[in-house]
Amino acid sequence: MLPNNSVVQLKLSICIATYNRGLFISETLDSILSQMQPGVELIIVDGASPDNTPEVVAQYLLEHPQIHYFREPINSGVDADFDKAVSYARGEFCWLMGDDDLLKASAISKVLSIINSGNDDLIIVNSEVMNVNLTTKLQNQRLAFDVDKIYRETDTEAIFADIGECLSFIGCVIIRREFWLGRNRTDYYGSLFIHVGVIFQSPSITNVRVIAEPLIVIRYGNAMWTPRSFEIWMFKWPKLIWSFPDFSDSVKQKVCLREPWRSAKALFHNRALGAYTKTEFLKFYPNHIKKFDRIVAYAISIFPASLANSVMVLFFSLRAQPAQIELYDILHSRNAGLLSRFFAKFLVHEVN
């Protein structure tokens, strides 16, 4: 239970919605708890994990009173569980943290200093990207910012264009709790990106700050929704991004295509990853599309997957700056074969 009164005014609640992360959540908690300080709490909402998550967290509860753990009787989905976490929180701001990502050293101190010195409703934290085992850096920083940036009321389109794509990762979001609770959240349950709906629904947020320094390490390639990646990135994510009325089509286009499933290149890329097969074609590809496009889409869905994988490895390897994240995805898909690894090894060095 949460105490009725707090001696120290809580400035920051780190909110984790977790499910089946018993293998990873210890590293996440260690990275957070090693830098906890007065005015900070940690909220964990467990969506009825059937693995050993409760036992792992129980060990931390014995030594860290700043942790408040809520185990739900049923899994309500990641959106509802993050919403519950913010509701349970007591801090002025809530940091929506991934359950397998890590905080970099001094991240909490950096964020608290900005909270105490500013008047922002949303703080976006930059991040670096590592592979699943945290042995290889895939990207130095997701946002190509050299210095912190502040957006205000006249910058709504710039906010959307600059940070929209970055928001596909929830761990970058630190949001004023009062702002979150004052917004429509339930309409975004099931979207997998409730935070994006909260931020960009009308009227869109205006007081935003971006921290250029990476404060988070993303454990890439470990997403729970990987088996649904085709549905999510071809349909769910674009539908959400293009649903917001306050932004022009040209700005939304900078975040993602409106209907990426129309792109033969996108379909071929998904085929190389193993995310697009005849099953996805039959389930998701719209029936009203003209016959020629449907034939192309179907042909891609049955194209030899290992060959598609090799072609995409060659494509990403021969770019002026090889695309490390894309190569990592391709080479760690079930379709990666000897030819794919040959190309990667001799053209750019193999991505671990």
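Each residue takes its place number in the sequence, starting with 1. What you see is a predicted model; the values in this text were computed from it and never measured.
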query = Do you know the tightest heavy-atom contact between Leu138 and Gln324?
reply = O-CB, 3.4 Å
ask   = Can you check whether Phe315 reaches Lys265 side chain to side chain, under 4.5 Å on heavy atoms?
value = yes
query = Is it true that Arg228 and Glu231 have a side-chain N and a carboxylate O under 4.0 angstrom from each other?
reply = yes
ask   = Using 4.0 Å as the upper bound for N to carboxylate O, is an ion pair formed by Asp121 and Arg176?
value = yes
inquiry  = Under the rule for side-chain hydrogen bond (donor to acceptor under 3.5 Å, both in side chains), what residues qualify as partners of Ser333, not counting sequence neighbours?
reply    = Asn309
key: ILVMFWY clustering at 4.5 Å (side-chain atoms), partners of Val217   = Leu102, Met130, Leu134
message = With a 3.5 Å distance limit and no angle check, can you tell me whether Arg341 reaches the backbone of Gly337 through a side-chain donor-acceptor pair?
response = no
ask   = Centres of the Trp261 and Tyr285 rings: under 6.0 Å?
value = yes
task = Kindly give the heavy-atom pair with the smallest separation between Tyr88 and Glu72, and that separation in Å.
result = OH-OE2, 3.4 Å
key: Exam field: side chain His332 to backbone Tyr328, donor-acceptor pair closer than 3.5 Å   = yes
ask   = Should Arg142 and Glu128 be marked as a salt bridge (Lys or Arg N to Asp or Glu O under 4.0 Å) after you check the CA-CA gap, both sets of side-chain angles, and the distance that decides it?
value = CA-CA 6 Å; Arg142 292 199 73 212; Glu128 68 179 37; over 6 Å; no
inquiry  = Is the shortest side-chain heavy-atom distance between Leu181 and Arg177 below 4.5 Å?
reply    = yes
key: The single option from Arg90, Lys84, Met97, His68 passing side chain to side chain contact (heavy atoms under 4.5 Å, CB included) against Ile43   = His68
Residues Thr156, Ile205; criterion side chain to side chain contact (heavy atoms under 4.5 Å, CB included); working and verdict = CA-CA 7 Å; Thr156 53; Ile205 200 165; over 6 Å; no
request  = Show the numbers, then the answer: is there a side chain to side chain contact (heavy atoms under 4.5 Å, CB included) between Phe82 and Val45?
outcome  = CA-CA 7 Å; Phe82 267 115; Val45 173; over 6 Å; no
ask   = If only atom types and distance count, is the side chain of Gln253 paired as donor or acceptor with the main-chain N or O of Asp249 below 3.5 Å?
value = no
Asn222 and Asp100: side chain donor to acceptor below 3.5 Å = yes
key: Asp120 vs Val208, side chain to side chain contact (heavy atoms under 4.5 Å, CB included): CA-CA, chis, key distance, verdict   = CA-CA 6 Å; Asp120 308 296; Val208 179; over 6 Å; no
inquiry  = Would you call the rings of Tyr276 and Phe281 parallel, tilted or perpendicular, taking 30° and 60° as the class edges?
reply    = perpendicular
Heavy-atom pair of closest approach, residues Ser306 and Ser340 = O-OG, 4.3 Å
Non-hydrogen atoms of Tyr60 and Leu33 that approach each other most closely = CD2-CD1, 3.5 Å
ask   = Are Arg219 and Glu27 ion-paired here, with the side-chain N under 4.0 Å from a carboxylate O?
value = yes
inquiry  = I need the Asn131 CG to Ile325 CD1 distance, nearest 0.5 Å.
reply    = 11.0 Å
request  = Evaluate the criterion side chain to side chain contact (heavy atoms under 4.5 Å, CB included) for residue pair Leu273 and Ser229; output intermediate values, then yes/no.
outcome  = CA-CA 10 Å; Leu273 291 168; Ser229 61; 5.9 Å; no
query = Does atom CD of Glu153 have more than 12 heavy-atom neighbours, drawn from other residues, nucleotides or ligands, at distances under 6.0 Å?
reply = no
Ring centers of Tyr188, Phe193 separated by less than 6.0 Å = no
message = As a quick check of understanding, evaluate side chain to side chain donor-acceptor pair (under 3.5 Å) for Asn207 and Tyr151, giving each step before the final call.
response = CA-CA 6 Å; Asn207 294 321; Tyr151 300 87; over 6 Å; no
ask   = Would you say Lys137 has more than 12 foreign heavy atoms packed within less than 6.0 Å of its NZ?
value = yes
Short side-chain to backbone donor-acceptor contact, Glu63 and Gln59, under 3.5 Å = no
ask   = Salt-bridged, Glu213 to Lys104, with N to O below 4.0 Å?
value = no
inquiry  = Are Ile32 and Thr28 packed together at the side-chain level, in the sense that at least one heavy-atom pair is separated by less than 4.5 angstrom?
reply    = yes
query = Going by atom types only, do Asp81 and Tyr19 share a side-chain donor-acceptor pair under 3.5 Å?
reply = no
ask   = Where is the tightest heavy-atom contact between Leu331 and Val313, given as atom of each residue plus distance?
value = CD2-CG2, 4.0 Å
inquiry  = Looking at Lys254, I'd like to know if its NZ atom is crowded, meaning that more than 12 non-hydrogen atoms belonging to other residues, nucleotides or ligands lie closer than 6.0 Å.
reply    = no
query = Between Gln141 and Ser127, do the side chains contain an N or O donor and an N or O acceptor separated by less than 3.5 Å?
reply = no
query = Where the side chain of Glu92 meets the backbone of Leu12, is there a donor-acceptor pair that is under 3.5 Å apart?
reply = no
query = Is it true that a side-chain atom of Trp180 and a backbone atom of Ile199 form a donor plus acceptor pair closer than 3.5 Å?
reply = no
Shortest non-hydrogen contact from Val111 toward Trp95 = CG2-CZ3, 3.5 Å
ask   = Between Asp293 and Ile289, is there a donor-acceptor pair closer than 3.5 Å when you use the side chain of the first and the backbone of the second?
value = no
message = Can you tell me if Leu338 has over 12 outside heavy atoms packed within less than 6.0 Å of its CG?
response = no
key: Asn75 side chain vs Gly47 backbone, donor-acceptor pair below 3.5 Å   = yes
task = Check whether any side-chain heavy atom of Ile44 lies under 4.5 Å from a side-chain heavy atom of Leu29, and answer yes or no.
result = yes
key: Donor-acceptor side-chain pairing of Ser26 and Asp30 below 3.5 angstrom   = no
query = Could you give the distance from CG (Asp101) to OG (Ser31), rounded to the nearest 0.5 Å?
reply = 9.0 Å
request  = Using the test side-chain hydrogen bond (donor to acceptor under 3.5 Å, both in side chains), find all partners of Asp148 that sit at least two apart in sequence or belong to another chain.
outcome  = none
message = Salt bridge or not between Asp155 and Arg152? Use side-chain N to carboxylate O under 4.0 Å.
response = no
request  = Output yes when a side-chain donor or acceptor of Ser106 lies under 3.5 Å from a complementary backbone atom of Ser109, and no otherwise.
outcome  = no
query = Got a second to check how far Phe200's CZ is from Lys252's NZ, nearest 0.5 Å?
reply = 11.5 Å
ask   = Between Ser248 and Glu157, does any side-chain donor sit less than 3.5 Å from a side-chain acceptor?
value = yes
inquiry  = Do Ser87 and Arg185 make a side-chain contact, defined as non-hydrogen atoms from C-beta onward lying under 4.5 Å apart?
reply    = yes
note = Rounded to the nearest 0.5 Å, the CG atom of Asp46 sits from the OG1 atom of Thr18 at a distance of 6.0 Å
query = Between Phe316 and His269, does the ring centre distance come in under 6.0 Å?
reply = yes
query = Quick one: do Lys149 and Asp162 make a salt bridge, cutoff under 4.0 Å?
reply = yes
key: CG on Leu122 to CD1 on Ile163, rounded to 0.5 Å   = 5.5 Å
task = State the CD1-CD1 distance between Ile159 and Ile150, to the nearest 0.5 angstrom.
result = 11.5 Å
key: Any donor-acceptor N/O pair, Asp51 side chain to Thr53 backbone, under 3.5 Å   = yes
